[in-house]
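Order of listing sets the numbers, starting from 1, for every ligand and every atom in it.
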Amino acid sequence: MKKSYKRLAALMMAAALAGSMTACQSQPAETSAPETTTVAETTTAAETEAEAAGAYTPGTYSATVTGMKEMTVTVTFDADAITAIELDHEETPGIGEPVCQSMPDQIIELQGLGLDAVAGATLTSTAILDGVADCVEQAGGDVAALKAVKPEVVAAEDEELTADVVVIGAGGAGMAAAVTASQEGKSVIVIEKTGNMGGNTALAGGALNAVDDGSETALARNDSVDFHYEQTFNGGDKQGDPELVRILVENAWDGVEWLKDLGMEFQPGVFTVTGGMYERAHKPVEPEGSGFFKTYQAYMDSHDGITMKYNTKADSFIVEDGVVVGVECTGQTGNKVTVKANNGVVLATGGFGQNVEMREKYNAETKLWPTLDETIPSTNTPAITGDGILMAEAIGADLIQMGNIQMLPLGDPKTGSLSGNIEHAVESRIFVNKEGNRFVNEGGRRDEMTLGLFDQTDTTMYIIMDSDTYPTGDEVNNFNEKMSDLVAAGRAYKADTLEELAEQINVPAENLVKAVEEYNRHCLGGDLEGQEDEFGRVLFTDTDKVNNGINNPPYYAGERVPTVHHTMGGVKINKNTEVLDKDGNPIPGLFAAGEVTGGIHGSNRLGGNALTDTVVFGRIAGKSASAYMR
Ligand code: ADP
């Protein structure tokens with residue numbers, strides 16, 4: 001069941017990021033528009049059109065539409081107006097969820113459907129508008145006329161702002177930098193092109209690799225910072241800068257402690273995330289990446305000095321005498337926003353997973369993937385288009401390893417998102433192809449798994465697991481979706497026997513049964529002396545023995561396809577996160593952290609290392625930019 005709470009007018013990001021799934025029950029009285037919305041003031045002409053369009057058969061109507069996930073839109077009409085809109089949804093906290101809060105009010109205030117999709121939350125916005133349009137049609141209203149009713153956009157004035165530190169991008173790395181700079185006593189402006197914090201970080205499954213060297217947890221698993229280093233460096237084919245990899249792994253645990261000090265909570269224990277290669281991922285208590293932003297928001301609520309400039313897109317750097325002193329931006333209404341820094345500027349705009357042109361250009365250099373054209377989906381938010389990389393390139397920054405683009409074999413068949421992914425820990429599942437056969441080491445590298453998937457029929461696979469992770473079936477996956485809801489929506493499959501499961505997903509039952517039996521033999525030990533898994537898999541059971549083979553019915557399956565996930569190339573930085581030019585010299589005043597940077601993860605990023613990267617290098621960038629004086 002989707003959660004459904006009563007909507008309060010104009011809830012702000014803080015509440016959105018509290019992770020509460022919010023259904024929106026909007027009433028006409030609640031007309032105050034949240035800070036993040038486009039200006040919604042109807043013109044006289046629009047009012048007239050709305051009146052003409054508003055002729056309904058009074059009543060309440062519902063429609064089911066798909067945003068990031070399925071949502072139900074329920075609209076109440078009287079004879080001449082939309083009087084209430086309720087959304088029953090599970091849109092992403094910090095990204096789609098704030099739109100679910102603001103858009104129903106805007107539609108009611110406007111009495112029209114001519115609103116623009118919210119940048120960064122296009123799927124959610126479009127789904128809401130489509131759902132309301134469907135209800136309008138059911139109520140006998142004129143959808144086309146309502147779509148013509150648009151809000152009047154009042155152009156904002158050009159403005160010029162100054163802070164000590166300017167951060168571009170309010171994802172994980174940018175917010176870690178912003179909070180750190182604030183802790184250093186600096187005033188900070190964060191420029192964010194969408195209407196909210198989060199970026200790709202908010203969409204992540206939440207796994208953060210960090211080893212507390214010498215602790216009981218690490219010792220019990222034979223893990224260490226050195227082993228984390230080795231796996232990260234080797235897992236990227238030794239292409240990562242050893243110095244930066246060292247910094248990543250050695251500061252990871254300190255990053256966790258810093259987050260905890262800020263109030264962030266983590267679940268006990270560690271797990272192996274897909275492509276993480278080992279049990280060292282910490283999982284926040286809050287779903288997906290929302291815990292990070294809830295924490296950063298809480299810091300901002302209790303400390304002055306960080307100004308968020310949402311719906312503001314950074315376009316170019318302001319360079320004076322070779323020093324980056326600020327950034328030119330475009331505001332929401334096309335107005336010019338000039339932001340200057342007394343100290344440094346931190347670039348944290350993320351990668352380019354949603355920029356098909358850049359994907360194709362750089363994939364052509366390495367040919368890692370058969371294609372990365374528009375037919376290949378991405379897990380990324382639509383805002384992740386490489387802007388910062390292009391801005392830095394324009395002022396002479398060195399770009400490094402741009403062809404190292406990571407794909408995951410875990411995309412939703414319709415959207416490419418990670419939503420609907422049923423797996424929790426590597427040890428609990430196998431992958432089978434449409435023939436019901438395993439085809440790859442499911443505990444291995446992300447690139448090898450995805451390349452393996454490209455060779456399978458229809459580039460499609462099924463994740464197969466049992467009830468160890470879902471004892472009642474009502475537990476949630478890593479994306480806060482209840483397994484029972486996924487099954488009810490036809491996004492996952494459930495059966496009492498493997499044979500029935502095979503029938504549901506249309507694979508040969510004998511092959512599926514054989515694949516599971518072989519996997520179980522390895523999980524349960526048995527007579528396996530000298531027998532290696534045919535695909536080289538070594539991760540079969542976890543240390544805590546939660547997962548012990550696929551033998552506990554009911555069984556589950558989930559369909560998955562390849563999807564672009566992370567771009568490991570980007571601007572070259574040094575250990576202080578200074579951005580380097582093509583001669584290896586720092587570009588004064590400019591620092592960078594997170595996915596916008598290149599050369600840390602090499603050819604293949606370990607699962608669970610991206611969130612670590614945002615925290616470790618975000619903090620360094622915040623500190624370096626604070627210390628920078630020109
Ligand atoms: P990271 O993991 O490196 O922090 P994220 O994807 O989490 O990266 O966050 C990057 C953020 O940068 C996103 O919120 C995105 O909307 C924002 N962003 C991208 N391009 C721009 C731009 N040109 N101006 C301002 N913000 C941007």
Measure from the side-chain N and O atoms of Thr124 to the backbone N and O of Gly96, and report whether any donor-acceptor pair falls under 3.5 Å. no

Among protein heavy atoms, which sits nearest to atom 7 (O) of ligand 1, and what does the distance come to when rounded to 0.1 Å? Thr201 OG1, 2.5 Å

Is there a donor-acceptor pair closer than 3.5 Å between any side-chain N or O of Arg359 and the backbone N or O of Phe352? no

Nearest protein heavy atom with distance in Å, relative to atom 5 (P) of ligand 1: Asn200 N, 3.5 Å

How are the rings of Phe591 and Tyr628 set to each other: parallel, tilted or perpendicular (split at 30° and 60°)? perpendicular

Would you mind checking which non-hydrogen protein atom is closest to atom 19 (C) of ligand 1, with the distance to 0.1 Å? Thr349 O, 3.4 Å

Among all protein heavy atoms, pick the one closest to atom 9 (O) of ligand 1 and tell me residue, atom and distance. Gly171 CA, 3.2 Å

Do any N/O atoms on Thr614 end up under 3.5 angstrom from N/O atoms on ligand 1? no

Which of the ligand 1 atoms, numbered from 1, are nearer than 4.0 Å to a heavy atom of Gly594: 3 (O)

Between the candidates Gln354, His566, Glu192, which shows the shortest non-hydrogen contact distance to atom 14 (O) of ligand 1? Glu192

Is any N or O atom of Ala173, backbone or side chain, closer than 3.5 Å to an N or O atom of ligand 1? yes

So Arg605 and His565, do their side chains get closer than 4.5 Å, heavy atoms only? yes

Go through the steps for Glu481 and Asn477 under the test side chain to side chain donor-acceptor pair (under 3.5 Å), then give the verdict. CA-CA 5 Å; Glu481 300 159 309; Asn477 64 2; 2.7 Å; yes

Within residues 384-417 or reaching into it, pairs that qualify as ring-ring contact (aromatic ring centres under 6.0 Å, His included) - sequence neighbours excluded: none

Note the single closest protein heavy atom to atom 3 (O) of ligand 1, along with its residue, its atom name and the distance in Å. Glu595 N, 2.8 Å

Contact atoms of ligand 1, heavy-atom distance to Ile191 under 4.0 Å: 25 (C), 26 (N)

Describe, in one word, how the ring planes of Tyr229 and Phe233 are oriented to each other, choosing from parallel (under 30°), tilted (30 to 60°) and perpendicular (over 60°). parallel

With distance as the sole test, does Trp258 use its side chain to make a donor-acceptor pair with the main-chain N or O of Ala176 at under 3.5 Å? no

If we number the atoms of ligand 1 from 1 as shown, the ones under 4.0 Å from a heavy atom of Thr194 are 16 (O)

List for me each residue that meets side-chain hydrogen bond (donor to acceptor under 3.5 Å, both in side chains) alongside Thr385, sequence neighbours excluded, and say none if there are none. Lys193, Asp387

Ligand-residue contact atoms, ligand 1 with Ala383, heavy atoms, under 4.0 Å: 16 (O), 19 (C)

among protein heavy atoms, the one nearest atom 8 (O) of ligand 1 is Gly350 CA, 3.5 Å

Would you say Ser182's side chain and Gly305's backbone share a donor-acceptor pair under 3.5 angstrom? no

So which protein heavy atom does atom 23 (N) of ligand 1 come closest to, and at what separation? Asp387 OD2, 2.8 Å

With a 4.0 Å cut-off on heavy atoms, does Ala348 reach ligand 1? yes

May I ask you to test the Glu90-Asn480 pair for a side-chain heavy-atom distance under 4.5 Å? no

For Gly198, the ligand 1 atoms with a heavy-atom partner under 4.0 Å come out as 7 (O)

Flag the pair Trp253 / Val225 as yes when at least one side-chain heavy-atom distance between them is below 4.5 Å, and no otherwise. no

So for ligand 1, is Ala593 a polar contact partner (N or O within less than 3.5 Å, distance only)? no

With heavy-atom distances below 4.0 Å as the criterion, list the atoms of ligand 1 near Thr312. 25 (C)

min-distance protein heavy atom vs atom 26 (N) of ligand 1 -> Lys193 N, 3.1 Å

Per-atom contacts of ligand 1 with Lys313, taking only distances under 4.0 Å to non-hydrogen atoms: 23 (N), 24 (N)

Going by atom types only, do Ser603 and Asp447 share a side-chain donor-acceptor pair under 3.5 Å? no

Is the closest N or O pair between Gly172 and ligand 1 shorter than 3.5 Å? yes

